[in-house]
Number of protein chains: 2
Amino acid sequence: MDPHLLRTFVAVLDHRSFSGAAASLGYTQSAVSQHIAALEADLGSRLVERRPVAPTPAGARLLEHAPALLLRLDAARADIARLHQARPTHLTLAASPAALGPTVARALAELRATAHALDVEVRVLGREAVLSDVVGGRADLGFVDGAAAPSDPLPMPDLGPTTTLAAAEETLAVLFPLGHPLAGRRTVRLTDLAQAQWIDAPDTAVPLDRLRTVCRTDGFRPWIRHRGTDLHGLAALAAAGHGLAALPLPVAAALPGIAAVPVSEPRLVHRIELVHPVNPTAPARQLADLIGGRAGSRA
Amino acid sequence: MDPHLLRTFVAVLDHRSFSGAAASLGYTQSAVSQHIAALEADLGSRLVERRPVAPTPAGARLLEHAPALLLRLDAARADIARLHQARPTHLTLAASPAALGPTVARALAELRATAHALDVEVRVLGREAVLSDVVGGRADLGFVDGAAAPSDPLPMPDLGPTTTLAAAEETLAVLFPLGHPLAGRRTVRLTDLAQAQWIDAPDTAVPLDRLRTVCRTDGFRPWIRHRGTDLHGLAALAAAGHGLAALPLPVAAALPGIAAVPVSEPRLVHRIELVHPVNPTAPARQLADLIGGRAGSRA
DNA sequence: ATACCTTACGTGGACCGTAAGTATC
DNA sequence: GATACTTACGGTCCACGTAAGGTAT
């Protein structure tokens, strides 16, 4: 179970092709074939079905472990790298789009007021990409958003040694096109909207499966899919009536062409969590302290 | 970062010796030296201080990742192995000593009444060993005990894909020697005992650092150390006045030579959690269902 | 017929053991 | 000076690329 073999295993199933995986990893098809054969021999099970390429049951099990293993391997390397290349004038943030609201912006402004000559970079990414950037050392600090019951934590995948901190709780809102019958309402009940047409925008809005979980329903079925992390594109879709989406009120209220209506039932908040490694860089720690001092922390 | 290198890295720091690690792994000292050198070259940091052998700061970071990585590697292998060697008439349980109380015993008896010819093996181990046996496929089901606030989960290290279930909540008790001034009390307050002499028996009783956490104090200092998983040995130490220990009341009450006094403050329970892989064997699933049906489950 | 994966084979490098070297107690 | 880790060196095995061989669409 060499990590290289696991990496090509994951790549093969990502690309659904041996040759595609080979190209993306800089191997020949032959090498990829040999990697998969070696893994299958080692584990004593066929892992990949060929033609078409798909995981067998055993392969599916391995797929539950392999990405986490590779991520953690990167995390270990990044943790050690951070020890001798701490650049105190650089700060790289990774954030999901809806996490970049007034709370984070204000704290960042406050930090820059005290620390001049701070070189800040912000990367807007999907949720898993934010976490993998933080864990892999490509970002000093991450902000991830989601919906949850008040003061409940967001569910986080296994991250290894990191620190998580509640950064903000905001009102959750639903985006309606301006002419929509509910667009004028002061509040809406999310459960009433379970059967509506929704935009499946897992990296920008609150993911639909998350809405299903917190509302304990199997509604919120996707009507149109939105990939990427573009809030205005999402707003344009919503404005044109392609479906509904859930966002934090402070972010939603600033979007053009739509009406943002707060959610009253069930009692939910839009929550932003800050994630940083256990040995953060100096500016990352300062920003975390600024936000933590305001919002209260948890392990 | 080959897993073999990580394994010898962990072994070297466990043994605090290159030659010791070599002996335990079946390598020569030379190979171990080369492994560490390869790791250090790969990560660009000295990881191990020699003479005496100890982790450098970078090595300490790696030590936070390496055991979890190796455990998860075993878990992946075990998950796949379980797919084609499910033996429906065997059931191997792993449990920490204080988890093997009446709740588990009764459920097991109930299972054996319905499933005849079931070949049961019980392994009593320390907490981490229980988890690593379950995750590594050496046990079908694990029971881990600990102290927590009522209906709070026990803190679990990263286990990868497993299912955890609250198996029982019992009264927490403190063991006193029979002549002790507090031995006759109906209840005691744990916070009053923070400065007492305690037995440090992390694999048998509730670990002292756990008591410190739930009581939010830095008391509960170890007075004598107890290694292994022997409840009667622990009771003998307590009976002879070598220190106090915390155990679940149903278990403590059955021990000879000591007085078991329930804890009234802070509000704590002794909790037992059941851990099993996501694809359990048939008997393991039956036992988990028996216990889950009685105690209520959680993700 | 043609992608696409597998197998055969040769070379270069990685890994381990033996043995000599070096540093620390 | 003894113990314990490091370095040098050689043999073996493994992993990759090239190229030929299957196989299913």
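Below, chain A is the first sequence line, B the second, and so on; all start at residue 1.
- By the 4.5 Å heavy-atom criterion applied to side chains, Leu5(A) and Gln34(A) are not counted as neighbours.
- Here the side chains of Leu47(A) and Ile36(A) are not in contact, with every heavy-atom distance at 4.5 Å or above.
- Under the side-chain hydrogen bond (donor to acceptor under 3.5 Å, both in side chains) criterion, the residue pairs touching residues 51-62 of chain B are Arg61(B)-Glu64(B), with sequence neighbours excluded.
- With contacts defined as side-chain heavy-atom distances shorter than 4.5 Å, the pair Met156(B)/Thr162(B) does not qualify.
- Annotation: side chain of Asp230(B) is not in contact with side chain of Thr204(B) (no heavy-atom distance under 4.5 Å).
- One interatomic measurement links the two molecules: CG of Leu47(A) to P of dC5(C), which rounds to 16 Å at whole-angstrom precision.
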Find every protein N or O atom lying less than 3.5 Å from an N or O atom of nucleotides 16-20 of chain C, and list the pairs.
| from | atom 1 | to | atom 2 | distance (Å) |
| --- | --- | --- | --- | --- |
| dC16(C) | OP1 | His35(B) | NE2 | 3.1 |
| dC16(C) | OP2 | His35(B) | NE2 | 2.8 |
| dG17(C) | OP2 | Thr28(B) | N | 3.2 |
| dG17(C) | OP2 | Thr28(B) | OG1 | 3.0 |
| dG17(C) | O6 | Gln34(B) | NE2 | 3.4 |
| dT18(C) | O4 | Ser30(B) | OG | 3.0 |

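- Across all strands shown, Val32(B) has no heavy atoms under 4.0 Å from either base or sugar-phosphate atoms.
- Counting heavy atoms from C-beta on, the side chains of Pro3(B) and Asp2(A) never come closer than 4.5 Å.
- Rounded to whole Å, the distance from CZ on Arg7(B) to P on dC15(C) is 15 Å.
- Protein chain B touches strand DNA chain D; the 5'-most and 3'-most nucleotides with an atom under 4.0 angstrom of its non-hydrogen atoms are dA4(D) to dA8(D).
- By the 6.0 Å contact criterion, CZ on Arg46(B) is enclosed, its count of non-hydrogen atoms from other residues, nucleotides or ligands being greater than 12.
- For the pair His90(B)/Thr281(B), no side-chain contact is recorded, criterion being any heavy-atom separation below 4.5 Å from C-beta on.
- Looking at Ser30(B) and Thr28(B), their side chains never bring a donor and an acceptor atom within 3.5 Å of each other.
- Proximity of Phe9(A) to Leu63(A): side-chain heavy atoms (C-beta onward) are separated by under 4.5 Å at one or more points.
- In this structure, Pro202(B) and Leu208(B) have side chains that are not in contact, with every pair of non-hydrogen atoms separated by 4.5 Å or more.
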For nucleotides 21-25 of chain C, tabulate all protein N/O to nucleotide N/O atom pairs closer than 3.5 Å, reporting atom names and distance.
| from | atom 1 | to | atom 2 | distance (Å) |
| --- | --- | --- | --- | --- |
| dT24(C) | O4' | Arg51(B) | NE | 3.4 |

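- Between Ile36(A) atom CD1 and dT7(C) atom P there is a gap of 13 Å when expressed in whole angstrom units.
- Considering only residues two or more places apart in sequence or on other chains, Asp140(A) meets the salt bridge (charged side-chain N to carboxylate O under 4.0 Å, His left out) condition with none of them.
- Counting non-hydrogen atoms of other residues, nucleotides and ligands closer than 6.0 Å to CZ of Arg16(A) gives a total of 12 or fewer.
- Taking five base pairs at each end of the helix from dA1(C)-dT25(D) to dC25(C)-dG1(D) and finding the rotation axis that steps the C1' atoms of four pairs onto the next four gives two axes whose angle is 30°, to the nearest 10°.
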